K.L.:
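Next up is a structure, given as structure tokens.
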2 protein chains.
Amino acid sequence: MKPAPLLFVFSLTLPAQVPYDRILHAAREPQHWLTYSGTLDAHRFSALDQINTTNVSRLKVAWMYQIRGRHKFEASPIVADGVMYISVPPSDVTALDLRTGRPLWTYRRPIPEGVIVCCGQVNRGVAILDGQILVGTVDAHLVALDLATGRVRWDTTVADYRTAHSITPAPLVVKDKVIIGMAGAEYGVRGFLDAYDARTGRRAWRFWTVPGPGEPGNETWSGESWKYGGATTWVTGAYDPGTNLVYWGTGNPGPDYIGDVRQGDNLYSNCLIALDADSGRMKWHFQFTPHDVNDMDSNQIPVLVDATFRGAPRKLVLFANRNGFYYILDRVSGQFLLARQFARQNWAKSIDAKGRPIPNPATIPSVEGALVYPDDDGTANWFSPSYSPKTNLFYQNVRELGGLYYRTEAVYQPGRLYLGAGRRRIPGEEEGSGALRALRALTGELAWEFKLHSPPWSGILSTAGGLVFSGTMEGDFFALHAETGTPLWRIQTGGEVWANPVSYAFEGKQYVAIAAGGTLIAFALDGR
Amino acid sequence: MKPAPLLFVFSLTLPAQVPYDRILHAAREPQHWLTYSGTLDAHRFSALDQINTTNVSRLKVAWMYQIRGRHKFEASPIVADGVMYISVPPSDVTALDLRTGRPLWTYRRPIPEGVIVCCGQVNRGVAILDGQILVGTVDAHLVALDLATGRVRWDTTVADYRTAHSITPAPLVVKDKVIIGMAGAEYGVRGFLDAYDARTGRRAWRFWTVPGPGEPGNETWSGESWKYGGATTWVTGAYDPGTNLVYWGTGNPGPDYIGDVRQGDNLYSNCLIALDADSGRMKWHFQFTPHDVNDMDSNQIPVLVDATFRGAPRKLVLFANRNGFYYILDRVSGQFLLARQFARQNWAKSIDAKGRPIPNPATIPSVEGALVYPDDDGTANWFSPSYSPKTNLFYQNVRELGGLYYRTEAVYQPGRLYLGAGRRRIPGEEEGSGALRALRALTGELAWEFKLHSPPWSGILSTAGGLVFSGTMEGDFFALHAETGTPLWRIQTGGEVWANPVSYAFEGKQYVAIAAGGTLIAFALDGR
């Protein structure tokens with residue numbers, strides 16, 4: 001599907017305003033990129049096909065924007081009406097002119113001393129709605145900025161950063177609400193998912209991912225352990241207007257790596273949860289890794305696909321989990337339909353007919369050291385997969401790396417690490433490897449793979465041009481043939497790729513953009 | 001002149017060794033860039049013409065290399081035998097594979113606490129000789145690294161960094177010696193130019209740019225002022241094997257901005273000095289700005305040209321001085337031949353027949369404030385000009401900006417600023433402007449100019465392809481028609497350009513490389 005010329009005219013002649021209806025129907029205007037994963041069903045698929053398998057070799061740098069920070073640059077851009085909006089670590093936001101890459105405005109978030117983030121003061125992107133840009137901050141605020149100027153419209157405290165609550169994911173706009181996840185499970189926080197009124201910044205609902213006393217699920221936590229139960233929500237979810245459900249992954253239980261003090265399944269850690277978008281009430285949940293002792297955060301992207309599955313039309317959610325299994329669930333009911341291993345793992349002996357794993361006790365961290373595949377960065381992680389409706393393939397970057405886990409004591413202290421093991425590298429396997437794998441979406445079977453030198457941290461974009469874009473830790477940004485995995489183009493960006501690619505069109509040209517190292521790079525055929 | 005195919009074979013089949021003979025005849029192998037300014041006569045001209053006026057619009061990013069530092073990235077690369085050697089601020093060195101831009105090795109220089117550099121912990125480039133890479137450090141050492149591994153071969157203390165001596169320029173290799181300049185005039189150091197034996201790191205000679213008692217020129221400093229006289233040597237010079245003279249610019253006298261305590265001409269501050277390459281003895285000097293009170297460092301690039309001047313063949317040195325005048329001297333004798341204003345200035349009423357300025361007393365910093373053009377960053381500065389033998393034009397980036405100078409007291413204390421004025425911006429002229437000017441080399445007349453939004457900090461490369469390359473503070477890197485100044489190509493690099501461009505060829509393709517922001521970018525026709 002090519003962008004209709006009418007929409008280009010629209011984008012140039014109307015003032016920059018992004019009502020929710022545009023986000024809901026983002027697939028109708030592929031020249032923009034209006035929500036974190038491109039569309040609310042989280043396909044990270046671009047319907048643009050100007051750049052395609054026959055001409056991608058002509059792809060060139062159009063412009064670059066360099067940041068000054070020293071943190072990882074994990075931003076997935078939002079593109080609307082001639083402007084690109086990016087978050088810049090730690091929690092800044094910059095609006096860039098699509099024609100030149102020059103900054104139009106920058107919001108600098110002062111970060112207080114003492115902010116605690118396990119894995120870097122990063123941010124994965126902003127959201128857009130009406131005349132506002134929305135960003136979560138590492139000091140656990142949600143901030144609305146004026147689209148045209150970057151001025152703060154409202155600034156809401158989501159949680160207390162002094163107890164290691166932080167926000168790194170992009171918000172998800174659903175109707176008039178801004179849904180925002182949070183992090184801090186390594187420090188014994190109690191996880192939640194929040195929704196805020198986009199106009200006022202007032203909280204509309206909160207769903208605690210660790211149920212309190214008297215709530216269903218609290219019985220899956222022994223003693224007082226629910227208070228420090230983790231299960232954070234630090235990667236952006238998806239939304240289905242048909243079910244009116246928000247789908248969101250949850251992280252590991254706390255304390256990490258050690259289950260003694262939290263006997264039980266530890267719901268809703270390592271789940272996919274489905275919440276009513278209006279009330280935040282849970283409709284269903286599915287737990288991938290009950291009573292986790294291997295840091296198997298299920299903070300991956302739920303990908304919503306309607307398909308004929310085993311002979312019947314079905315609303316599905318596809319989920320390539322950090323634990324090494326690819327899952328298909330019914331997204332109306334949460335019913336488990338399929339699990340298939342897509343990467344090396346040894347923590348589960350198998351997955352039973354209901355989707356529950358049969359754990360391998362040898363992977364419980366011990367004094368002698370337990371050998372675990374994958375390591376605690378997982379096979380999948382926050383980096384986005386992509387689903388192409390043209391190829392019906394699910395594209396996933398895969399980390400192939402194990403670790404040795406040595407048991408330690410975990411004692412809760414506010415704002416301090418709350419971990420029950422330490423990791424060592426496996427002698428001779430220090431480096432690991434990686435692969436971009438194309439899985440048949442409805443079976444999880446491997447269609448093809450493209451091997452990577454190192455375990456990757458880059459997301460994936462697939463396009464109607466028959467291409468799959470991704471990056472490497474060696475600094476390559478590349479395009480593969482979406483049906484075969486044949487490499488068709490690459491460039492050396494000079495920086496590690498810790499980000500998700502997007503695509504958009506401007507003034508008749510399709511662009512692909514990626515953050516690499518400290519640089520946001522926009523590519524187009526024959527450059528600008 | 002195109003590179004001979006024979007030389008390409010040579011570069012691929014012999015081990016990487018760069019004997020001095022190759023540097024001396026660097027013009028014979030334009031596929032490499034063997035010395036700071038490309039050739040010892042400092043033309044910063046590339047004889048490659050694969051990229052030319054008819055095809056430069058196809059110039060694309062081939063690869064990038066991103067640094068992590070926060071300082072200005074002022075490196076001018078050295079390219080030899082498949083490898084690019086760059087200095088990375090503060091004083092690191094990285095060798096990059098020309099095919100991919102990937103690092104082959106990196107030398108990290110630990111910088112002690114308390115290093116004092118007026119204008120940033122920067123480095124402008126390395127030198128190459130035989131199997132070594134040579135780099136000066138901000139803690140005032142000269143270090144030789146193994147070409148293949150980056151291991152330290154020797155490390156010589158040039159001066160004491162605790163008294164604000166530092167090294168920021170690239171070394172210049174002449175025969176078996178490494179000539180290195182130094183900085184620190186804002187802190188009352190006494191300037192010198194040193195030569196070291198490239199094999200051992202032992203000092204071969206030192207020329208004090210401020211003569212001591214009993215030496216000729218000491219009488220141009222009243223009292224004890226010579227001890228803190230500045231006249232540093234912080235930009236790389238040129239060498240003529242015919243005269244066996246090293247040509248090098250010297251900086252402002254100390255204390256800066258105030259002349260009362262140093263009555264006299266203050267030789268050899270603000271000079272071009274010509275030293276015998278073997279002994280370091282001075283053959284001649286020419287002082288552009290005697291008894292300077294406006295920070296008119298003559299640390300620009302002396303450009304050596306043989307031409308018929310006023311009817312007779314003559315060995316010339318061309319010098320676009322920070323003070324706003326373009327000079328031509330006889331480089332055998334030092335005889336003044338011509339001065340012509342090329343930028344706005346008001347510090348001199350005129351230049352007399354011997355080349356001595358008639359100063360304007362109104363520009364002496366005063367309690368009421370003195371209006372001075374140019375400001376203390378000058379019209380020219382360390383960024384390189386370029387001379388094209390094809391167009392016979394001298395290309396110079398020009399800063400058009402003045403300042404208001406208010407007198408203060410200057411008291412010498414080791415390692416502390418030793419300045420006699422403070423600067424304010426001129427109301428309404430805070431931003432200034434800039435231009436790339438093409439001067440007729442033998443008259444200094446303006447052939448054409450290309451206006452720049454801001455005062456530039458980028459050097460210039462001209463090529464046999466009829467092009468002039470340079471960059472802007474807005475992040476553009478661009479190519480102009482060398483004869484007309486018509487803009488033919490540009491790209492937005494996303495970072496300020498504080499560096500000098502170079503050109504080289506590899507595997508049959510011509511490249512142009514520039515550091516911009518934190519990124520070294522290599523361009524080629526149609527990319528890699």
Side-chain angles (χ1 to χ4, degrees), chain A residues 55-73 84 86 88-89 94 96-103 106 453-454 471-478 489-498 511 513-528, chain B residues 55-73 84 86 88-89 94 96-103 106 453-454 471-478 489-498 511 513-528:
Chain A
N55 62 20
V56 65
S57 62
R58 283 165 39 209
L59 204 59
K60 307 293 177 190
V61 174
W63 53 260
M64 297 182 256
Y65 175 73
Q66 299 187 40
I67 65 170
R68 284 162 184 257
R70 289 163 295 153
H71 296 289
K72 293 173 281 187
F73 189 14
M84 176 183 289
I86 57 171
V88 174
T94 295
L96 301 174
D97 177 1
L98 278 194
R99 189 171 289 126
T100 60
R102 295 257 182 84
T106 290
H453 184 70
S454 304
T472 74
M473 295 305 280
E474 287 74 38
D476 292 297
F477 184 62
F478 60 86
W489 170 83
R490 74 181 176 117
I491 190 170
Q492 172 56 240
T493 68
E496 296 172 346
V497 182
W498 292 81
Y511 290 77
I514 186 75
T519 305
L520 193 295
I521 313 173
F523 299 91
L525 291 182
D526 307 315
R528 182 141 58 99
Chain B
N55 62 20
V56 66
S57 62
R58 284 165 41 209
L59 204 59
K60 307 292 178 192
V61 174
W63 52 260
M64 295 183 257
Y65 175 73
Q66 299 188 38
I67 64 170
R68 285 162 182 259
R70 289 165 293 152
H71 295 290
K72 291 172 282 186
F73 188 13
M84 176 184 288
I86 56 171
V88 173
T94 295
L96 302 174
D97 178 2
L98 279 194
R99 189 171 291 126
T100 61
R102 295 256 184 85
T106 291
H453 185 69
S454 303
T472 74
M473 295 306 279
E474 286 74 38
D476 292 297
F477 185 61
F478 60 86
W489 170 85
R490 74 182 176 118
I491 190 171
Q492 172 56 241
T493 68
E496 296 173 346
V497 182
W498 292 81
Y511 290 77
I514 187 74
T519 305
L520 194 294
I521 313 172
F523 300 91
L525 291 182
D526 306 314
R528 185 144 57 100

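If you're wondering where the values come from, they're calculated on a predicted model, not measured in any experiment. The basis for the numbers below is simple: all heavy atoms, side chains too, and nothing from hydrogens, waters or symmetry mates. Chain naming here is simple, since letters A, B, ... match the order of the sequence lines and numbering starts at 1 in each.
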K.L.:
Quick check: do V61(A) and M64(B) have side-chain heavy atoms less than 4.5 Å from each other?
P.N.:
yes
K.L.:
Is it the backbone or the side chain of R102(A) that comes under 4.5 Å from a heavy atom of chain B, or both, or neither?
P.N.:
side chain
K.L.:
What part of E496(B) is in contact with chain A, defined as an atom under 4.5 angstrom from a non-hydrogen atom: side chain, backbone, both or neither?
P.N.:
side chain
K.L.:
K60(A) versus L59(B): any side-chain heavy-atom pair under 4.5 Å?
P.N.:
no
K.L.:
Does any heavy atom of chain B fall under 4.5 Å from the side chain of L96(A), the backbone, both, or neither of them?
P.N.:
neither
K.L.:
Looking at A62(B), S57(B), A516(B), A522(B), which makes the most heavy-atom pairs under 4.5 Å with chain A?
P.N.:
A516(B)
K.L.:
Quick check against the 3.5 Å criterion: does Q66(B) have a side-chain atom that pairs as donor or acceptor with the backbone of T493(A)?
P.N.:
yes
